[in-house]
Amino acid sequence: MHELRLSGVTRTFGDRRALEDVTFTVRPGRVTGFIGANGAGKTTAMRIVVGVLAPDAGTVTWGDRPVTRADRRRFGYMPEERGLYPKMPVLEQLVYLGRVHGLRTGLARERAEALLERLALAERAGDLLQSLSLGNQQRVQVAAALVHDPTALVLDEPFSGLDPLAVDAMAELLQEHAAGGVPVLFSSHQLELVERICDDVVIIDHGRVVAAGSAQEVRAAHTGRRLRLRVEVPGGSGTPVAMGPEPLTGVPGVVGVRADGERLLVDLTDDADDQAVLTAAQRAGTVREFAPVVPTLAQIFREVVR
Amino acid sequence: MSDAAPVVPVAAPDAPADREDGLTALGAVRVVAGREIRVKLRDKAFLATTAFLLLLVAVATVVPVLLSQQVPDLRVAVQGAAAEQVVGLAADLGRQAQEDDDVPPVTALLEPAGLPAADIELVVLEPEADVERLVRDEDVAAAVVGESLDDLRVLGREAVPAEVDVLVVAASGQLQVAAAAEAAGLSREDVAALIAPTAPQTVVLDARPTGSVPPELLVLLFAFLFYLSVLTFGMSIAQSVVEEKQSRVVELLVAALPVRWLLAGKVVGNTVMAVGQIVVIVSAGLLGAWLMGRGEVVGQLLAASGWFVLFFLLGFVMLACLWAAAGALASRVEDLNATTVVMQVLVVVPFFAAIFAIEPGPVQRILSYVPFTAPLLMPARIVLGNAEPWEPVVAALVVLGTGIAFIALGVRLYRNAVLHTASRLHARQAWRGGER
């Protein structure tokens, strides 16, 4: 399997710049979470990956060459706005979509039937899509993205509208495909979910990639620049009280200090020496806690997107 | 815009790379067209329209024949020698009329010429029988009473059946003429010449190539079929496009197929169904005419329908991509009426123009070259027999050329509009490129 890579992708709509020099890689065998606020450019980027939109500049490569229409035909895609033919029987439309993606009729039917079986929809195969419940329609949509045994998966908000059990099933499905060597890219607002199932993360804000890499790398890149301290100083009545931020504000490399309950959160520049902060704290009081903050993706997201 | 150059610099859609997965342009068009056809075959409105048109054709071909073949069976009571003689001859005349009358044209039903066909059965009565009672009881359709030719009475209950009346009058006339002629000493041949004179032979110097169906009627029929078909199938293309837009499935399709393959599949599928429907209807008409033993009409129709089907195909394809574009401009089915109004005008106005130009003349000649009316009027001129052999070829090329330009226009509008799902577009916006 190949890796899917966006390089310098830029796209404007009218005078609004939706994507600005977007570069990231979706690696084979890994689940990549694509996170960003509404309107950050996730959908535009995904549409460019599957070829529904053309970029103004930049390229999408598949392995070591620009992606072709034939490559894309083998990608599995779930658009943000869900949709299949409402008045077409479930099995028939999966077979049709399989054929559109280049499968021969026999194989398309075989795979569609197997997928419906797995999604517990086999007995609804002959029913019109519109007669299914919304949850079951979602499952058919998943089947539509998988029917042609895709070489890459591009899923726009695959978890939206799913109940907790369906979320688990979907997560399992993504990881299973990744384990088969397929690059999987999905977007989501649900940061805890991304945290749980992603190997790689891409954070996009106002059309720019602000963080990309493995989840660990991204966390590491945002770790160490923030410290959490609990320092006690003698209070007025003799009992110790939590120290305020003032003693640490002047320490070289400290860009911000704020109180978080009894603790202090200290933000440092990249080249700051955390031991200087410790020394300053010890000089001011008794250090009870001193630790680098390992942020959750949610925290990193809120921070970088702020 | 989806398959624009920047993203796919190495492979044009039909580069060898496409065959890796076994899907060629032709294959893709066939897959898309196949779905259109399957959907159409399940569409109740389509099936109902086809059934209705077939019924119409059946009525038009079978009913006149049945009507003209309806020969009444009439029992006529006779009392007296002269009565028996006259009714016997009347029965012969009625039988003869059946043989001559080899299915008259439709118009002949309205103004019958010659003697009516009838099966007259003689019921010979004894002199003492009560004729009036028989007639009153409706045991017989009528009765003829009388011992001599100049003293015959025809009895009916409420009325004497028209066939009996006419045939008896004719028979009695012939017998009286024959009797008078014989009394005057004329030979058998002279008598025959007198009672069955030889009619003059009619020679038409500049005959129009007509069968027994009036050509104007045929032209109207063809024009109506074209109009109906283009309107319903055009609408169906537009509907199919907006359905994919509204349900958002188009985004999945466009991710897999170049937009123009998708469009080609739609147009091909609907064209196959439209031409198929026309061929079925025309064939049903031909078959009906043939079964009813009207061979001359089959030849006449066959000659005209070849050109008709060709012009139908060209005229349909000419507009098909524009119908697709009209569908793509809408974002919901409810918008279709607004976005297809231009197309409806492009079909309805030429239809009425063609009907008003049914009389041969300069207007008809000019309109038969205008791309919108040519598919209606050029086959019409062929049927009416006032087109030079080269004229349909030129008109066909004009329609074809216009068709190519319209296809290019339709493809561009469709491509730019089909992914614009948010709101209704105007053609001008779509022409510039439907930016979102």
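Just so it is clear: chains get the letters A, B, ... in the order the sequence lines come, proteins before strands, and each one is counted from 1. Everything numeric in this text was worked out from a predicted model, so none of it was measured.
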Could you tell me whether A/F159 and A/F186 have their ring centroids closer than 6.0 angstrom?
-> yes
Applying a strict 4.5 Å limit to non-hydrogen atoms, the region of A/Q93 in contact with chain B is neither
Taking A/Q137 for the side chain and A/L129 for the main chain, is one N or O donor matched with an acceptor at less than 3.5 Å?
-> yes
Structural part of B/A28 lying under 4.5 Å from a heavy atom of chain A = neither
A/A18, A/G83, A/A57: which one forms the most heavy-atom pairs within less than 4.5 Å of chain B?
-> A/G83
Hey, does the side chain of A/R139 reach the backbone of A/L119 with a donor-acceptor pair shorter than 3.5 angstrom?
-> yes
Contacting region of B/V39 [heavy-atom separation from chain A under 4.5 Å] = neither
Aromatic ring centroids of B/W323 and B/F233 under 6.0 Å?
-> no
